[in-house]
Every structure is written in structure tokens, then in C-alpha cells.
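Whatever order the structure lists them in is the order used to number ligands and atoms, beginning at 1.
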Amino acid sequence: MAAGRKGVSASFSKAFTRCSIASISKCETQDVARVLSASCRHLHGNSAAIIGADKYFKFPATRCLTRHFHASLELLARHRGDDSMDLKSSKRPKVVTSGKFSKRKKEVKPAVETPYVPPKLARTGKSLDKTIEIFEGMTIVELTKRCGESISTIENIITNVGEKADSEFDSLSVDIAELVAMEVGVNVCRMHSNEGGEMLPRPPVVTVMGHVDHGKTSLLDALRQTSLAAKEAGGITQHLGAFVVGMQSGASITFLDTPGHAAFSAMRARGAAVTDVVVLVVAADDGVMPQTLEAIAHAKSANVPIVVAINKCDKPDANPERVKIQLASEGLPLEEMGGDVQVVEVSAIKGSGLDNLEDALLLQAELMDLKARIDGSAQAYVVEARVDKGRGPLATAIVKAGTLLCGKYVVIGSEWGRIRCIRDTARKVISQATPAMPIEIEGLKGLPMAGDDIVVVESEERAKMLSEGRKKKAEKDRLKKLEDDRQKLEQEMLEGEENEENADEKERSKRVEVPIIVKADVQGTVQAVSDALKTLNSPQVYLKIIHAGVGPVSQSDVDMAAACDACVVGFNVRNPPAEVTLAATQAKIKIKLHQVIYHLLEDIGNFIVEKAPGTLETQVGGEAEVLNIFAVKGKGKNKGEDLKIAGCRVMDGRLTKASIIRLLRSGEVVYEGCCASLKREQRDVDAVGKGNECGLMIEDCNDLQVGDVVQCLVNVNRKPKFVSSESGAVRIEC
Ligand code: GDP
């Protein structure tokens, strides 16, 4: 029990004390002090999140369980009190008496200097990032083993979440298992069983991937033409469009579209995660390109077979054979070279080869024997999510197994809701959705994240519980990451102090922070844009995304931007209302709205370049050749010495009087010093341009010779450069 208590208080005491130790010993520079005091504030802030955290799971006061994120501050304080006061402890040190009434020696403890020894964590062996597999009907003892906790601890938590635990061999619902696992601080992976359910063939889910401009959208459009439903209303979303193509045979294929730009890599990865087959589109006139390779990597890592569609075969410079050789050399085992990857030559524009592509996909699906459980509660996967003004949060999803019914309670990531309405790709309201169906669901309380799993739960109470538990877990993970980042920064700064002379470090200290607010139309795009913007970070400018959200730029975004002096970036969102634009103008807040990711990145890239402090560099501003030496008798610095004036011609740039002059002889620097005099036709001048002749004297340098080269050194502030590559990747070059 005591070990458990220590475990609870450990993370907090450790954090608070780290803060105090650091502030005492390490605050040698103002910056460090600032960072540390911010950390302390941050930790205080954490406590606010923790107060009342156990309102949901109630633990008996007499029994202390080992947990981190649900421990209340009160509980922690109590534990600290127990440990420090130790009033009734039998282990109290004996008082050594010298006489009958010798006084108890008062222990004097220096309050501040006493080194802090953090209490040992109760569960030292367990990794905080541990993930366990859980499934419906698992027994308490099974869960106990996986969590690495005692049976009594697990049973206690089960009771606290309102379930009965009569025997350790009782089976648990997967939701309760997840709640328990979250409570003891481990991550879960839900395993789904199809036992008992009838497995029926299902349509394949196909994702089209490939390099930008290779014709993915055109190919999907061409395929869509063959789909009656899609013709009626188009895809569900323009970002991860989904539609079903019905074949004459009665079979159907569900297609997912993914954007091609480098910034949307996460979206493509999500596409690969939910898909059965990847159609790799490669333009016959362009061949294998960076995103082609990335698509192959996504498909391989998701263990998804590829069907290659060599597109644009109608073009005169099309060379499908070259593409095949390139793909083979990238390790793709093509069918015609003895492998199992089918290759189809198509033209999206001419509509040729599409039936071959569909046949190839159905053949691939047949080989895979795709089946799914139709009955029973559904599992689905969110491919996109957005907020609709009238309908609230909407999730585009693909059903993986079971039947999703309208009216059911669902938990999606850390959000929950009751499905109010399901629409198919033709936006028709349907009452249920079966495997491989792309659908849009309505009725969620909050906006889920693309990539989240949809799980159906039995009641509103269970949905709320699970959602609450997941939110707390997510918050705990977030705080842990913040703490890790803070420690990293602290470490960096300490290392930096040691290398104060280091020029690089001086650069870093000049790094400016540019706060940004990101708004986009759907959740996946918010993520993609935020990730893409982060690639613009450089040693000179750090883009700090202070808020990212779905929907148009609002008054609260402008208020936040005004408070933090941030710039607001909107991607694929409509123009803000006039009053918001006016407020932004008055507050001098920049709102940058874009529809094309290239333009957005270029715009922000240039904005960053503007904000960057730049680096001071010495450059050669002009170069002249010494053509003649004029000696002025006896005027030299040393007695009797002649004063030498160099008669020069400026070959390049300008010579300026205010600059440092460098003297070179046979390519070697022989002197550097100030310009003592610069004359043109007997007149003192400040600068002499290219092609002109001048008389030059260098301070304290009388060793001038014909043939010497004189360089004029100027200090320039070199700004970083925005660079974008052909693949769409961007960076700031300093
Ligand atoms: P995505 O970026 O991969 O979605 O590419 P798009 O579908 O937007 O196509 C890029 C360009 O290639 C467009 O100008 C299309 O008209 C053109 N294109 C696409 N498919 C074909 C094709 O089969 N033949 C020819 N000649 N042009 C094509």
C-alpha cells in the first residue's frame, strides 16, 4: 500500500521538486530562469487538470491504488503528508538520553538545502508506453496479467467503474477492459473477433495513390463516370473522396482518393491503413517520382497489395516499358516479370483500359478472399471529419465489419455520440451500413480525428465513460510529452551554456518565434497543414502553432491572434464574416487564406523569411587591382619613409571608404585594415564604382605593390531562403 502511495505522489513531487531544484541551482542566466519558471507554472497548470479528476472513478479512501492520471491533488497532498510527518510510525528513531529527564533532541533540518530524494515509483519495471491487446470476453485474470497489476487492484477498479467482479474468472466487456487498462496507465489495442458471425464476401476497398499530377483525380473521375451513385452526387468529401463503382456482374469496388502533395502524407498513410488494395498511378511520360516511392512504402508498411495503373498512355512520349523497369528496380515484383503485381496500362483522359483495371482489382480481391462479418455490432474507421454549420460534427467512415445502425451509441477516439443519421456516397439517408461501405455519420458530440476507430457501445453512460477516460489518457499523454519537451529544452540550454562561444548557439539565441493559428475545413487537413508548416522551422525562425482547428476564421481566433501577436492561416475555409475581417484589420492581424497547399507554404515561407533576423556575413563588396604606386617623399609614418598611395582600378562591385580593406598578393591575404583615404581625381570620395580608377591608402599599411588585389569587405545581413522541391517538400535554408 505504501508503495502504491509513493507511486502516486512520485510523479508530482518529482515534477515540483525538479522545478525548485532547478530554479535554485540553474538560474544563472535570465533565459534559463524564465524557462524554469514557465515550467513551474506549467506544472501548476497541470494540477488544475488533475483536481477533480477522480470524480469519475471513485476509489475507496482506505485503499490506495497505483495510478497516475486519475489521482486527485487532495490525495497526493495526503500522501505527501503521510510520508513526511510519519507521526505514528513505529520506526521513529529512538532518542538517546544522557540523564533521567534529558530533553528530546530537536532535529533541525535546513528547509531549502536538504536534497530532495524522489520517492521510488511503485511500478518501476513497467513502461509507461506499454500497449496491451484487449478483447471482448477476456477474463479478469487475463487482463491482470497483461496489465502487470495485482488481481485486487484490477477488481477494485472494475468495482469503481460500476461493474461487478465476483471472481477473477469473470469475463469482461472490451469497454470495461479498456477503462481498466487506461486507469492503470497502459495503452490498448482492441482485438475484434468474428467468432459466431457469418462471414460473407465483401467489396474491396481500393485507394488510389501516386505522384502529384500523374492523373489520380482524372482516373478516379473516369472511374466515377462508371458509377451511377457517384454521378448523382459526387464523392463525400473532396479531400478523401470515397465512392462505390458498381460492375455489370453485380460486384462493386469502393474507391478512396488521397491527395498527392507531400504535405498530405499522413492522409495517404490513413488511406493505406483502411484499404485492401492500392492502385499505384504512375504517369507513362514521367515515370517513378518521389510520391510514387512514398506510396509504395505506405502500401508495404500497411501490408497491402499493389495494382499498378500506368496512366497517360495516350501521350506521344508515353513509355510504359520504362516505367515497368523503374518499378521493378524499386523492388516491385511485376507479374510480367514473374512477380505477383498486376500492371494495367490506362488513359484516364481517353477512358481506355479502365475495364482492365477494374478486372485486375476484382481479381486481386478474389485472390484475397475478402470476407467480413455482416451481423453484429459494427467496427468502422474514420477517414475524414469536419464540422457542418447546420449538422454539427460529421465523420466520413468506412465500415470494416458488422452492421452500423442508426440510433446506436458510438465512441470515436475520445469523442462520443448517438448516430442520428447515416448517409451513403450519394448523400442518401440510409438506416444501416455494411462492410466496405463509405458513409457519413451525424450525431457526434465532438469532432473526431481522421484515423480513429469507431466502436459501438451499449449505452450513453458507457459511451460517456469511455470518451471521458480516453480524454484523460490523451491529456496525460500530452502533459508527459510537454514535460519531455521541457526537459529536452532544459538540457539543450545547459549544453548551450557550456558552449557559449559557439557561433551556432549565438544564432540559436537569435531565433524568433512566429505564433500561428491554423484553421482548415476538415480535421485531416488541419493536421496535414500543421505538419507541413512545421517543416518550415529553421534555426532562425520557429513556427509555433498555438491553435489549430476546423472551421472558418472566427472572432475568437482573431482575439487569440491579437493576444499572442499571431498570424492566422486558413486552408480551404470560406472568407471570415466582415466583422471578423474588420476586427483583424484593426488589430493588425494577418489572415492568410489559401486553397492550394503549394501557395500556402510559399506564402508562409516568405513570411518567415521576412521575420527571420538573418545572419551577419562578411562579403566582398568590391575588388580593385593596384596598377601603380605613387610615393610621396618622406611622408610615411616612420621617419624618412615615403608614403605609398595605390593607384587602383575597380574591377568588380564598389570600393567604399567606410569598409575594411583586404590586401591580397598572389592570392594570399597580406593585410586587412581600415581605409585611410579614397580619392578620385584628387577629390575625397566615399565610394568608387566598377571600371573607375582611384587612389587608395590603407591605415598602417605602407607595403603596397603593383599587381596587388584590394578587396572591400562589407557586412551584410543574409536572410534565409524559402526552398521548395519538385516533390512539394519545402524548407527554409539558412
Ligand atoms: P493528380 O494530381 O494525380 O490527381 O493528377 P490530375 O488528375 O489532376 O491530372 C494532372 C494532369 O494530367 C491534368 O492536366 C490532367 O488533364 C492530365 N491527365 C491525367 N490523366 C491523363 C491521361 O490519361 N492522359 C493525358 N494526356 N493527360 C492526363
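- Within ligand 1, the atoms closer than 4.0 Å to a non-hydrogen atom of K216 are 1 (P), 2 (O), 3 (O), 4 (O), 5 (O), 7 (O), numbered from 1 in the order shown.
- Between C313 and ligand 1, no pair of N/O atoms sits closer than 3.5 Å.
- Remark: ligand 1 and G215 share an N or O pair separated by less than 3.5 Å (distance only, no angle test).
- Contacts between D221 and ligand 1, counted as non-hydrogen atom pairs separated by less than 4.0 Å, are absent for every part of the residue.
- Across Q291, M209, K350, K312, heavy-atom proximity to atom 12 (O) of ligand 1 is greatest for K312.
- Contact atoms of ligand 1 toward D213: 1 (P), 2 (O), 3 (O), 5 (O), 10 (C), 12 (O) (distance under 4.0 Å to a heavy atom of the residue).
- To the nearest 0.5 Å, atoms CD (E440) and CD (E384) are separated by 10.5 Å.
- The atoms of ligand 1 that sit less than 4.0 Å from any heavy atom of H214 are 3 (O), 5 (O).
- Salt bridge status for R190 with E133: absent, with no side-chain N to carboxylate O gap under 4.0 Å.
- Applying the 4.0 Å criterion to heavy atoms of S347 picks out, from ligand 1, the atoms 23 (O).
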Item to check | Evaluation steps, salt bridge (Lys or Arg N to Asp or Glu O under 4.0 Å), between K481 and D477 | outcome: CA-CA 6 Å; K481 192 176 170 292; D477 291 347; over 6 Å; no

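- In this structure, K519 is not positioned above the aromatic face of F571 in the sense of NZ or CZ being under 6.0 Å from the six-membered ring centre and within 45° of the axis.
- Side-chain atoms of K216 and N311 form no donor-acceptor pair, as typed in the model, at a separation below 3.5 Å.
- In the displayed structure, E366 atom CD is contacted under 6.0 Å by at most 12 heavy atoms of other residues, nucleotides or ligands.
- Contact atoms of ligand 1 toward D314: 22 (C), 23 (O), 24 (N), 25 (C), 26 (N) (distance under 4.0 Å to a heavy atom of the residue).
- Residue K315 touches ligand 1 through its side chain alone, judged by heavy-atom distances below 4.0 Å.
- When heavy-atom distances to ligand 1 are checked against a 4.0 Å cut-off, N311 comes that close only through its side chain, counted from C-beta outward.
- Residue-ligand proximity: H211 is placed with a non-hydrogen atom under 4.0 Å from ligand 1.
- Listed by number with element, the atoms of ligand 1 under 4.0 Å from a non-hydrogen atom of S218 are 6 (P), 7 (O), 9 (O), 15 (C), 19 (C), 20 (N).
- Applying the 6.0 Å contact sphere to NZ of K324 captures more than 12 heavy atoms from other residues, nucleotides or ligands.
- Heavy atoms of other residues, nucleotides or ligands lying less than 6.0 angstrom from NZ of K611 number 12 at most.
- Side chains of D557 and S554: a donor on one and an acceptor on the other come within 3.5 Å.
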